[in-house]
Structure formats: C-alpha cells, structure tokens
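Taking it in order: structure first as structure tokens, then the write-up.
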Amino acid sequence: MLGTASLVLAGIVIVLSLILIVLVASWFVGQLRGGSEERSESYERHREAQARDPPVEIGDVHEAGVIDFSDHHSGDRQAVCKIQGFVVFVEDLPGDLEVGDVVRFRVLSFNRGHTSATGKFIERA
C-alpha cells in the first residue's frame, strides 16, 4: 500500500515540476524577447500619445527626417517620420529614398486614436 501511495505522490511531484519548468522557461524567453518592462514602457508611451493633442493638423506641410520604413498593409512602402515625437507615415515615396533623408509632406489623415498620422510625400527637403 505504501508503495502505491509513494508512486502516486512521485507522479504528482514530477508533473508539478514539469509545469514549473515550462513556466520559468516561458518567462525567460519573454525576457529575452524584450521583457515586460519594455512592453509596459511602450504601453505607457501609447497612453500618453492618446492623451495629448497631435502636433500636426490635416493639410499642414512639414519637413522631417526619415527614421525608418514600414510596409503598409496595401503592400506600399511608407517612410516613418516624427514631428515632436508624433509618428507620421509618409506615402507615395520615390524608390531611392533612404533613412536619414529629409522629406517634405502634407498631412492627410489621423489614425482612429489620433496617435499617428498619414502624410503624402511632396519632395525632398
């Protein structure tokens, strides 16, 4: 009788140990991929952006440096620019535009939460 109880208890301990190992490994992988601190900082910046008024208006013309490129869901390449930390995705780009180039664009629209905008390329500045 004692032998059967010991085997059942050992099985429970093994299953719980495996669950703990999986949880720790999952946490560790999350930390390697950016961790929860980075995600919470990103979320906080997003909340702050939602609380403030955009520094641009529809129809405004601005100049900004290209900091990156993004692929729009339509398949078009967009330049990522910032005005006072506010992201503007600029479309209708020439093919030879590179990160660091300064562009002039007209603001066309805002996203639903007014946390970013879309602009149309006018010319290199």
Side-chain angles (χ1 to χ4, degrees):
M1 184 70 161
L2 184 60
T4 304
S6 296
L7 287 175
V8 169
L9 184 58
I12 291 172
V13 169
I14 289 171
V15 168
L16 291 176
S17 297
L18 290 173
I19 291 172
L20 182 61
I21 289 169
V22 168
L23 289 173
V24 169
S26 175
W27 173 84
F28 185 70
V29 168
Q31 293 299 311
L32 289 176
R33 290 186 175 168
S36 60
E37 182 178 331
E38 185 176 301
R39 272 183 262 149
S40 63
E41 286 176 14
S42 175
Y43 176 73
E44 187 61 33
R45 285 192 304 270
H46 181 70
R47 278 191 20 195
E48 289 170 1
Q50 288 178 316
R52 73 174 184 155
D53 291 331
V56 300
E57 297 284 334
I58 292 177
D60 285 355
V61 174
H62 289 275
E63 290 182 8
V66 175
I67 61 170
D68 201 358
F69 290 98
S70 173
D71 292 324
H72 189 264
H73 61 83
S74 66
D76 295 333
R77 184 175 85 138
Q78 295 181 326
V80 179
C81 300
K82 288 190 177 184
I83 303 291
Q84 298 174 19
F86 183 81
V87 176
V88 180
F89 296 98
V90 180
E91 55 190 26
D92 295 333
L93 306 173
D96 61 342
L97 200 63
E98 297 180 3
V99 170
D101 289 348
V102 178
V103 295
R104 183 172 289 119
F105 57 89
R106 181 176 315 278
V107 178
L108 300 176
S109 64
F110 294 106
N111 72 344
R112 191 174 318 167
H114 284 79
T115 57
S116 66
T118 300
K120 181 175 176 149
F121 176 84
I122 298 172
E123 62 187 357
R124 284 185 164 89

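Counting from 1, the numbers follow the sequence of the chain as shown. A quick note: this is a predicted structure, and the numbers were derived from the prediction, not measured. Computation of the quantities below employed the complete heavy-atom set of this structure, encompassing side-chain atoms and omitting hydrogens, waters and symmetry-equivalent molecules.
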Could you check if a side-chain atom of [X] sits within less than 4.5 angstrom of a side-chain atom of [Y], using non-hydrogen atoms only?
X     : Y     : value
Leu18 : Val22 : no
Cys81 : His62 : no
Val80 : Phe69 : no
Val66 : Glu98 : no
Val56 : Gln84 : no

Derivation and outcome, side-chain contact (heavy atoms from CB on, under 4.5 Å), residues Val107 and Glu57: CA-CA 7 Å; Val107 178; Glu57 297 284 334; over 6 Å; no
In terms of hydrophobic clustering (I, L, V, M, F, W, Y; side-chain heavy atoms under 4.5 Å; direct or indirect links), are [X] and [Y] co-clustered?
X      : Y     : value
Leu97  : Val88 : yes
Val99  : Val90 : yes
Val103 : Ile83 : yes
Phe121 : Ile58 : yes

As an exercise, state the distance from [atom1] of [X] to [atom2] of [Y], rounded to the nearest 0.5 Å.
X      : Y      : atom1 : atom2 : result
His114 : Asp53  : NE2   : CG    : 9.0 Å
Glu63  : Arg104 : CD    : CZ    : 4.0 Å
Leu9   : Ile14  : CG    : CD1   : 10.0 Å
Phe110 : Ser116 : CZ    : OG    : 9.5 Å
Thr118 : Phe105 : OG1   : CZ    : 10.5 Å

Taking every non-hydrogen atom, the tightest pair across Lys82 and Ala64: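 It is O-CB, 3.9 Å.
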Closest non-hydrogen atom pair, Leu93 against Gln78: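 In this case the closest contact between Leu93 and Gln78 is CD1-C, 3.7 Å.
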Polar side-chain atom of Ser17 near backbone of Val13 as donor-acceptor pair, under 3.5 Å: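 Yes: the side chain of Ser17 pairs with the backbone of Val13.
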Qualifying residues under side-chain hydrogen bond (donor to acceptor under 3.5 Å, both in side chains), relative to Asp76, sequence neighbours excluded: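 For Asp76, the residues satisfying side-chain hydrogen bond (donor to acceptor under 3.5 Å, both in side chains) (neighbours in sequence not counted) are Ser74.
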NZ/NE/NH1/NH2 to OD/OE distance under 4.0 Å, Asp92 and Arg106: no
